[in-house]
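Here the structure comes first, spelled out in structure tokens, and everything after it is commentary.
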Protein chains: 2
Amino acid sequence: MIKLKSDEIKEAALKYFTIHGYEGASLSQIAEEVGMKKQSIYGHFKGKDDLFLQVLRDAKETELSSKLQYFSEVDSLTPEKDLYGFLNLVIDLFQKNEQLKFWLRISFFPPAHLEKSIEKEVVDIEEKVQAILENKFQEWIDAQLIVGDAAKTPTYAFLGVVDSIMLELVYGNDEHRLIEKLEASWTVFWRGISLH
Amino acid sequence: MIKLKSDEIKEAALKYFTIHGYEGASLSQIAEEVGMKKQSIYGHFKGKDDLFLQVLRDAKETELSSKLQYFSEVDSLTPEKDLYGFLNLVIDLFQKNEQLKFWLRISFFPPAHLEKSIEKEVVDIEEKVQAILENKFQEWIDAQLIVGDAAKTPTYAFLGVVDSIMLELVYGNDEHRLIEKLEASWTVFWRGISLH
DNA sequence: AGATAACTGACGAACGTTCGTTAAATAATG
DNA sequence: CATTATTTAACGAACGTTCGTCAGTTATCT
């Protein structure tokens with residue numbers, strides 16, 4: 001199984017966009033990474049923006065599918081296990097998948113001239129994840145497995161926990177601290193929505 | 001009260017660094033904002049890095065002093081009011097103070113060649129805020145006003161809530177959503193640490 | 001007159017991009 | 001099979017621009 005040159009380029013671009021951002025990443029560096037000159041990139045992509053947007057869409061797909069897949073697999077009524085498992089999934093994905101790091105950086109600090117189109121993709125993903133999460137919480141509420149808030153309350157709170165974990169990941173210089181923050185946030189969150 | 005030209009430059013630089021990041025901000029744009037040529041900036045700063053680092057240190061001071069001041073003023077034993085007030089302070093500061101936005105962006109995505117020195121400043125601030133917060137929680141725990149965890153647990157969990165709120169702020173295209181996330185996170189968090 | 005501050009001019013380097021060319025791989029033709 | 005013709009991919013060279021930076025000059029004000 002050989003890998004396409006355009007995929008190699010996207011791979012290198014992903015790396016540099018993630019580390020240096022859109023403006024900080026240069027085509028010559030990306031080209032050098034795959035062993036060619038920057039002009040050759042134009043044989044595969046229309047330009048820097050095109051390359052960037054293709055990397056963006058790949059990352060979006062990865063992010064979306066991996067998250068949706070998780071919740072399609074857990075259909076049991078065990079919120080404690082499912083939610084904690086999701087947090088660990090996020091950590092796992094983030095650490096071994098460059099695309100999630102890219103996605104996080106670009107969704108919060110997009111290049112100004114592409115802001116509008118990026119925002120659309122981000123909102124799109126966000127709504128889908130939120131919707132499926134809200135459904136799950138509603139099921140658990142109906143089954144009286146967690147406290148009877150409006151479903152939006154635990155949904156937003158949980159998304160907040162996910163965000164804070166992701167921030168700790170991107171900051172990412174202290175694995176031990178990450179674990180501690182995860183445990184702390186999870187402990188308090190779960191106590192905040194569980195019946196006891 | 002006249003304002004120094006160098007402060008005007010720093011003000012403009014803060015704006016462009018915040019919006020476009022280090023690499024995306026150009027000296028000519030910054031100079032134009034204050035009505036001068038980019039070469040004239042060198043009469044006030046040694047170069048781009050110097051300007052950036054001075055902006056960084058100003059932002060650090062603002063961030064640190066405003067947060068520390070808040071907790072020095074609330075010495076009462078009313079965790080619910082104090083913590084919720086802190087979240088609103090963060091929102092308030094963020095919305096009217098460009099320096100906090102700058103600080104957030106740069107602390108998570110610093111320019112690569114200044115990463116080390118920036119990280120030192122970030123860790124410095126983080127430790128101080130965490131320390132003072134941990135002390136407060138310890139007091140409340142001792143006074144049996146909140147649940148008797150290790151003080152680190154509510155501290156980390158609360159810092160997580162702060163982070164998630166800040167992320168929503170930087171994402172910042174929906175004021176209504178921000179309020180909802182704040183209320184949801186706060187509701188669950190408080191229920192997670194309060195005695196009931 | 002002396003000092004301060006902004007100016008003009010110019011620098012090398014890097015940027016993203018386009019052009020025309022060359023070499024290799026593939027398809028079409030005898 | 002051998003020989004053209006066609007497409008593909010990477011190339012060097014150069015484009016115009018912008019970048020950050022340095023030096024020298026002019027204007028402003030005590």
Residues B:Lys181, B:Asp174: salt bridge by 4.0 Å N-O rule: no

Show the distances under 3.5 angstrom between N or O atoms of the protein and N or O atoms of nucleotides 17-22 of chain D.
unit_1, atom_1, unit_2, atom_2, d
D:dC19, OP1, B:Ser26, OG, 3.0
D:dC19, OP2, B:Ser28, OG, 2.9
D:dG20, OP1, B:Ala25, O, 3.4
D:dG20, OP1, B:Lys48, NZ, 2.9
D:dG20, OP2, B:Leu27, N, 3.1
D:dG20, N7, B:Lys38, NZ, 2.8
D:dT21, OP2, B:Tyr42, OH, 2.5
D:dT21, OP2, B:Lys48, N, 2.8
D:dT21, O5', B:Tyr42, OH, 2.8

Carboxylate-amine/guanidinium contact B:Lys96 B:Asp92, below 4.0 Å: yes

C:dC7 phosphate, OP1 or OP2, under 4.0 Å from B:Ser40 side-chain N/O: yes

Inter-axis angle, terminal five-pair segments of the helix from C:dG12-D:dC19 to C:dG30-D:dC1 [nearest 10°]: 20°

Salt bridge A:Glu63-A:Lys67, side-chain N to carboxylate O under 4.0 Å: yes

Option among B:Lys38, B:Lys10, B:Lys15 that satisfies the salt bridge (charged side-chain N to carboxylate O under 4.0 Å, His left out) test with B:Glu33: B:Lys15

Contacts under 3.5 Å, N or O only, protein and nucleotides 26-30 of chain D:
none

A:Asp149 bridged to B:Arg191 by N-O distance under 4.0 Å: yes

Any B:His44 side-chain nitrogen or oxygen under 4.0 Å from OP1 or OP2 of C:dA6: yes

Pair B:His113 and A:His20, ring centroids less than 6.0 Å apart: no

Salt bridge present between A:Glu168 and A:Arg177 (N-O < 4.0 angstrom): yes

Gap between atoms CD and C1', on A:Glu32 and D:dA10 respectively (whole Å): 16 Å

ILVMFWY cluster, A:Phe86 and A:Leu77 together (side-chain gap under 4.5 Å): yes

Side-chain donor-acceptor pair present, A:Tyr22, A:Asp49, cut-off under 3.5 Å: yes

Shortest non-hydrogen contact between B:Ile9 and B:Phe45, atoms and distance: CG2-CE1, 3.7 Å

Aromatic contact, A:Phe102 with A:Phe52 (centres under 6.0 Å): yes

Gap between atoms NZ and C1', on A:Lys37 and C:dC15 respectively (whole Å): 16 Å

Between C1' of C:dA6 and NZ of B:Lys5, the distance in whole Å: 9 Å

